[in-house]
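To start, the structure under review is shown below, and the notes come after it.
Because only heavy atoms are used, hydrogens play no part in the values below, and waters and symmetry mates are left out as well, while side chains stay in.
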Amino acid sequence: MTYCIGMRLDKGLVFMSDTRTSAGVDNFAVSRKMFTWNVPGERAITIMTAGNLATTQSLVSLLEERSRSPEDRDPSILHKETMFQVARLVGQTLKEVITNSSPSGQTSDDQFGASLIVGGQIRGGKPTVFMIYPEGNFIEVTDDTPFFQIGETKYGKPILVRAYDPSMSFEEALKLLLISFDSTIKSNLSVGLPFDLQIYENDTFDSSRKKRIENDDPVYQAISSGWGDALRDAFQLLPSYSV
């Protein structure tokens, strides 16, 4: 399992993913789930993956291969004219990988299944984020749905729904995402540190603003312990219900 969030703000986009992979309760490893493609001044694209590791690695390898040899292989993620076309290409590639991996054909609950978040900006278009399903279809963020989650989503969603504001700064958004991830890893062993973070500012076409947040990161530790203390304090301030 995994946990990834792609969020749209007025200032740009924020992406965060965990890095834990598991094959049983006692076999954990670290594997990158966030991948970027960048043409300076022209496009910045980020993909985050959740699901069967072999499927997602095959998908990324296939996209990389096609991107690196555009004269020989078409279509290419680096030559699509819009983010919608990029999302369509990635969805088709995901469906292709799953179909080829499964002897019985592709289904959403297949052991080879995977889901993706694709976001970024191409010159001439707006920054945006898509969520792509195993069948290859996808949806785009809107004002009513300004962020997407994939993987183990339920534990980290309440704080996002309550505290998200499109006008918040990148620093505030990062704090919100860290609380969401902290709530998730405290509830599910299949999600874990380190976290990969990427911030994309509108119209920069630069995906280099990124960081890996390790377990001993002092800001993360302060947010984790502070959030726990704040919840306990808030609980004590609530009225008791007598029957």
Side-chain angles (χ1 to χ4, degrees), residues 1-22 28-36 38 44-50 117-121 127 129 131 141 146-237:
M1 189 56 73
T2 189
Y3 185 37
C4 304
I5 302 175
M7 177 180 290
R8 186 183 71 182
L9 303 173
D10 292 342
K11 299 178 182 296
L13 308 175
V14 184
F15 305 94
M16 185 177 284
S17 67
D18 86 315
T19 56
R20 173 165 288 185
T21 62
S22 61
F28 295 104
V30 172
S31 181
R32 184 163 60 107
K33 303 169 188 176
M34 181 186 295
F35 307 88
T36 60
N38 192 201
I45 301 169
T46 296
I47 296 178
M48 295 186 292
T49 65
I117 290 176
V118 178
Q121 185 179 17
V129 181
M131 181 163 67
V141 289
F147 59 83
F148 289 135
Q149 304 165 275
I150 55 175
E152 188 56 77
T153 62
K154 55 184 176 292
Y155 302 108
K157 187 171 184 178
I159 183 61
L160 299 177
V161 173
R162 289 178 179 270
Y164 168 84
D165 187 325
S167 65
M168 62 175 35
S169 67
F170 287 128
E171 291 76 15
E172 291 171 324
L174 176 53
K175 177 166 60 175
L176 177 61
L177 264 60
L178 284 173
I179 293 172
S180 178
F181 272 74
D182 186 64
S183 300
T184 302
I185 65 173
K186 283 180 167 54
S187 303
N188 192 305
L189 288 175
S190 68
V191 178
L193 287 130
F195 304 143
D196 285 331
L197 163 72
Q198 182 175 304
I199 292 174
Y200 174 77
E201 187 173 357
N202 292 344
D203 302 320
T204 60
F205 307 101
D206 181 6
S207 56
S208 63
R209 192 174 176 184
K210 60 181 69 174
K211 179 181 177 63
R212 174 159 285 192
I213 300 171
E214 302 285 354
N215 186 55
D216 59 354
D217 185 284
V219 177
Y220 166 69
Q221 290 297 333
I223 289 174
S224 177
S225 60
W227 179 242
D229 293 341
L231 284 176
R232 284 187 289 271
D233 291 343
F235 175 77
Q236 293 301 325
L237 291 174

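Remark: side-chain polar atoms of Gln198 are not paired, donor with acceptor, to backbone N or O of Arg209 under 3.5 angstrom. No donor-acceptor pair closer than 3.5 Å links the side chain of Ser180 to the backbone N or O of Leu176. Side chain of Thr204 to backbone of Glu201: a donor-acceptor contact under 3.5 angstrom is found. Proximity of a side-chain donor or acceptor of Thr19 to a complementary backbone N or O of Pro194 within less than 3.5 Å is detected.
Looking at Thr2 and Lys33, their side chains do bring a donor and an acceptor atom within 3.5 Å of each other. Using modelled atom types, one finds a donor on one side chain and an acceptor on the other under 3.5 Å when comparing Asp182 with Ser224. Remark: the Gln121 side chain and the Asn202 side chain contain no N/O donor-acceptor pair separated by less than 3.5 Å.
The heavy-atom pair separating Ser169 from Leu9 by the smallest distance is O-CD1, 4.2 Å. The two residues Phe15 and Gly120 have their closest heavy-atom pair at CZ-N, 4.2 Å. Residue Ile213 comes nearest to Leu193 through the heavy atom pair O-CD2, 3.5 Å, listed as atom of the first residue, atom of the second, then distance. Taking all atoms of both residues into account, the shortest heavy-atom contact from Glu152 to Tyr3 is O-CD1, 3.2 Å. Of all heavy-atom pairs spanning Met168 and Ala163, the tightest one is CE-O, 3.5 Å. The shortest non-hydrogen separation linking Gly192 to Arg20 is N-CB, 3.6 Å.
Taken to the nearest 0.5 Å, the CG atom of Leu178 stands 4.5 Å off from the CG atom of Leu174. Here the OG-CE distance, from Ser17 to Met34, works out to 4.0 Å after rounding to the nearest 0.5 Å. A distance of 5.5 Å separates CG in Asn38 from CG in Asp206, rounded to the nearest 0.5 Å. One finds the CG atom of Leu177 at 9.0 Å from the CD atom of Gln149 (value rounded to the nearest 0.5 Å). Note that OG1 of Thr49 is 6.5 Å distant from CD1 of Ile150, once rounded to the nearest 0.5 Å. Here the OG atom belonging to Ser167 is positioned 7.5 Å from the CD atom belonging to Glu172, to the nearest 0.5 angstrom.
For Asp196 and Lys210, the salt-bridge test fails: no basic side-chain N is under 4.0 Å from an acidic carboxylate O.
Annotation: salt bridge (Lys or Arg N to Asp or Glu O under 4.0 Å) contacts of Asp217 (sequence neighbours excluded): none. Judged as a side chain to side chain contact (heavy atoms under 4.5 Å, CB included), and not counting sequence neighbours, the contacts of Ser183 are Ile179, Trp227. Listed by chain and residue number, nothing satisfies the ring-ring contact (aromatic ring centres under 6.0 Å, His included) test with Tyr155 (two or more places apart in sequence, or in another chain). With sequence neighbours excluded, the residues that form a salt bridge (Lys or Arg N to Asp or Glu O under 4.0 Å) with Arg8 are Asp143. Checked against salt bridge (Lys or Arg N to Asp or Glu O under 4.0 Å), Asp229 has the following partners two or more places apart in sequence or in another chain: Arg232. By the ring-ring contact (aromatic ring centres under 6.0 Å, His included) test, Phe195 pairs with Phe181, Tyr220, sequence neighbours left out.
Side chains of Lys175 and Ile223 form a contact here, defined as non-hydrogen atoms less than 4.5 Å apart. In this structure, the side chains of Val141 and Phe148 come closer than 4.5 Å at one or more pairs of heavy atoms.
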Quick one, Leu160 with Phe147, criterion side chain to side chain contact (heavy atoms under 4.5 Å, CB included). Give me CA distance, side-chain angles, the key distance, then yes/no. CA-CA 9 Å; Leu160 299 177; Phe147 59 83; 3.6 Å; yes
Taking it one step at a time, do Leu197 and Val14 satisfy side chain to side chain contact (heavy atoms under 4.5 Å, CB included)? CA-CA 8 Å; Leu197 163 72; Val14 184; 3.9 Å; yes
